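These numbers were taken from a predicted model, which means no experiment stands behind them. Residue numbers start from 1 in every chain, and the chains themselves are labelled A, B, ... in the order their sequence lines are given, proteins ahead of strands. No hydrogens, no waters, no symmetry mates; every other heavy atom, side chains included, goes into these values.
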There are 2 protein chains.
Amino acid sequence: MDSPTLDDIAKESGCSRTTVSRALNGYSDVSESTRRKVLAVAHRLNYRPNAHARGLASNRSHSIAAVMRQSAFAETPIFIEVLESVRHTLGGLGYHLLHAAPTPEFVGIEDALSMYQMHKIDGVILLEVEVNDSVLPRFLDLGIPVVLFGQAEGRRSVPSVDVNGAAAMARVTRYLLDLGHRRIGYLSGPLKYVYAQHRFSGFEQVMTEAVGGPIAEWVVEVEGSLQSGYDGAARVLSMHRRPTAVICNSDYVALGAMKAIRDWRLRVPEDISVVGFDDVPVARFLSPPLTTVRQPTGELGRLLAEQMISAIERSTSPAGNIVLECDLVLRDSCARIQHAEE
Amino acid sequence: MDSPTLDDIAKESGCSRTTVSRALNGYSDVSESTRRKVLAVAHRLNYRPNAHARGLASNRSHSIAAVMRQSAFAETPIFIEVLESVRHTLGGLGYHLLHAAPTPEFVGIEDALSMYQMHKIDGVILLEVEVNDSVLPRFLDLGIPVVLFGQAEGRRSVPSVDVNGAAAMARVTRYLLDLGHRRIGYLSGPLKYVYAQHRFSGFEQVMTEAVGGPIAEWVVEVEGSLQSGYDGAARVLSMHRRPTAVICNSDYVALGAMKAIRDWRLRVPEDISVVGFDDVPVARFLSPPLTTVRQPTGELGRLLAEQMISAIERSTSPAGNIVLECDLVLRDSCARIQHAEE
DNA sequence: CTTAGCAACCGAAGCGCTTCGGATGTGCAC
DNA sequence: GTGCACATCCGAAGCGCTTCGGTTGCTAAG
């Protein structure tokens, strides 16, 4: 059996194709009784609008793509949660979410670009933003509606949803200071990313107020991978003077760092305290359970979706730059400092 | 500037719209010289076919969806790798991959169904198969091309790609037997899934040959979550007689189990050996590094994609039921048994 | 009684592509 | 000269929808 079309509904319900279309799409110049009749028939026939026909006529696909960078998906489980929330919200608004995930050749972006040009998607949610991002302008130049998870420096006109990374890191730093730590290491995310800059600034500021600033040798830039966390920690651990605590850019980095610490025959948290970021499911099951920062993933996703739709439909609220706060999740990977030297 | 259409190319290259279309789509009744001319113009104008128009005319979307169950994505990182490979392969064939991931209300499937009815997708890759699967027939009844990652009992006509879970588990079991273990626990995946049945049968058979069969109390059915692994292990650990080794259905389950073992004041591997499944990135960084089973994700993804396309285009090879072997990755979570009691 | 204004509805064009069925031209055997 | 096979090309229809620009029939003001 072939799928029913608008014409089938028109025939069944005794009105024109135009009226059926307008009834189904919620236009106002359709009487309530007609609308009800049309909806009843549509439901009975299990009608589904043909996305191609609709797209061709309206130039809209009702699909939006989530674009991220190389390996971000595997290394940043938090994206999964955020995107689930995005999908859920979009679904309620009649949109589908597509993941344009990255391949080694960085095709995530190219894919999205070409999908837009083919009218397969109406807009893009970009999941990681670089300082002086080279990708963002490519979308913007083509007039592709973009919403950022993160923030683009000096581009407040691009709608965005972000977490207050600076405040979160400031809080983590203060927590460690309160435990008596003064020598704090910092495994930063790649500083080409805006979020990494923000987080570091939070750390830096509190450290400056408290102890005159971070020690440069203990600040290491790492990728998101476990191995990179291991290597970063190893570098700090093999120094002459070691920190008593290490703040990590993600839980996976923290996990790598913890392995390095064990390999150096040191204990967490007795010898070195460790803090992660993201609160991935694994964090609670580590030994010791990891103290970390939780992001409001559900809320982030919901807002991203809403911003996206209003960017596309240009009717609702104007571009917003939303920033949410994080929670500090205290577990057992940090300890009050044992023997204050200095 | 508006996107160029076939007509633009036709005008520029001096041939008809029909010829341009056929040239671009590789039909044979176009001379080489014409084809080259057309391709050149298309490239110069940066032509991208309008997916809607194409879909409307040809009734094909050149998109395929990956469908999975509740939370599978977060708990089964291996899917990410497989899907990356699927995406990569599909991309080379002119197709896009969409993830129709699940929401709590199990909408992954509904989504895919409705997307198919809207002609947004041409087929579905189904990522987990239940015994007597209730979802599969829903796709099949609608005539939706489906390829399984896994196998459906008694449905050899549905193309599938799977891993030889029975052989893998048999190998794991033999490995533990070789280390002197006789009392082996087994944290199984939900037995409603075909793959869990297969894996268990591999374990069971080897145990039967070696020691007359598994001990029923040490076989526990768990979900994929870390917590579930913890709970399952806790149940076994609180028994009067404990196993000396535990085989886990996934690395995350193993991670949960390891935490339980620590909480019981026992050591891995000295007191209890642990084996995982999947070789997630985290496995190598655990303490101790986890012995586990690696699946050939890249190959799996490639084959899934190829099967999908041939299912859609009905031209190439017939439905296949492919099964690949896994690798056992030896690390430090298993030890030769210390003191044989019995 | 006339007519402006409004609610409700509809006809037809057209979105950009594929594809069916033919048209054209060339070379070659008869 | 005629007919045929073949390679190459093209016109036009049509996919199912949205939307522009109406028309119709009613109410209520003038």
Is [X] near enough to [N] that one of its side-chain N or O atoms lies under 4.0 angstrom from OP1 or OP2?
{"X": "B:Asn25", "N": "C:dT18", "value": "yes"}
{"X": "A:Thr19", "N": "C:dC9", "value": "no"}
{"X": "B:Tyr27", "N": "C:dT19", "value": "yes"}
{"X": "B:Tyr47", "N": "C:dC17", "value": "yes"}
{"X": "A:Ser21", "N": "D:dT18", "value": "yes"}
{"X": "B:Ser31", "N": "D:dA7", "value": "no"}

Seminar exercise, completed: Comparing B:Cys15 with B:Leu56, nearest DNA chain D nucleotide closer to 5' gives the residue B:Cys15
Problem set entry | Residue whose nearest DNA chain D nucleotide is more 5′ - B:Ala53 or B:Val20 |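 It is B:Val20 whose nearest nucleotide is closer to the 5' end.
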Rounded to the nearest Å, what distance is computed from the [atom1] atom of residue [X] to the [atom2] atom of nucleotide [N]?
{"X": "B:Arg22", "N": "C:dT19", "atom1": "CZ", "atom2": "P", "answer": "8 Å"}
{"X": "A:Asn59", "N": "D:dC17", "atom1": "CG", "atom2": "C1'", "answer": "13 Å"}
{"X": "B:Leu24", "N": "C:dG16", "atom1": "CG", "atom2": "C1'", "answer": "13 Å"}
{"X": "B:Lys11", "N": "C:dC17", "atom1": "NZ", "atom2": "P", "answer": "12 Å"}
{"X": "A:Arg60", "N": "D:dG16", "atom1": "CZ", "atom2": "C1'", "answer": "18 Å"}
{"X": "B:Ile9", "N": "C:dT18", "atom1": "CD1", "atom2": "C1'", "answer": "15 Å"}
{"X": "A:Leu6", "N": "C:dG11", "atom1": "CG", "atom2": "P", "answer": "14 Å"}
{"X": "A:Asp7", "N": "C:dC10", "atom1": "CG", "atom2": "P", "answer": "13 Å"}

For this session: Choose from D:dG16, C:dC17, D:dT18 the nucleotide whose nearest atom is closest to any side-chain atom of B:Thr5.
Result: C:dC17
Exercise. Base, sugar-phosphate, or nothing: which does B:Asp29 touch, judged by heavy atoms less than 4.0 Å apart?
Worked result: base
For this session: Identify whether any heavy atom of B:Thr18 sits under 4.0 Å from a base atom; if not, whether one sits that close to sugar-phosphate; answer base, sugar-phosphate or nothing.
Result: base
Problem set entry | Donor-acceptor pair between B:His62 and B:Asp122 side chains, under 3.5 angstrom |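 Side-chain D/A pair, B:His62 to B:Asp122: absent.
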Exercise. Do we see a donor-acceptor contact under 3.5 Å between the side chains of B:Lys120 and B:Ser63?
Worked result: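 Distance-only check fails for B:Lys120 and B:Ser63.
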Exercise. Can you name the closest pair of heavy atoms from A:Leu300 and A:Asp162 and give their distance?
Worked result: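 That closest heavy-atom pairing would be CD2-O, 4.0 Å.
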For this session: For the residue pair A:Ser160 and A:Val147, establish whether any side-chain heavy-atom pair is separated by less than 4.5 Å.
Result: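 Answer no - side chains too far apart.
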Exercise. At what distance, to the nearest 0.5 angstrom, does CD1 of A:Ile125 lie from CE of A:Met308?
Worked result: 6.0 Å
Problem set entry | Contact nearer the 5' end of DNA chain C, comparing A:Val30 with A:Arg17 | A:Val30
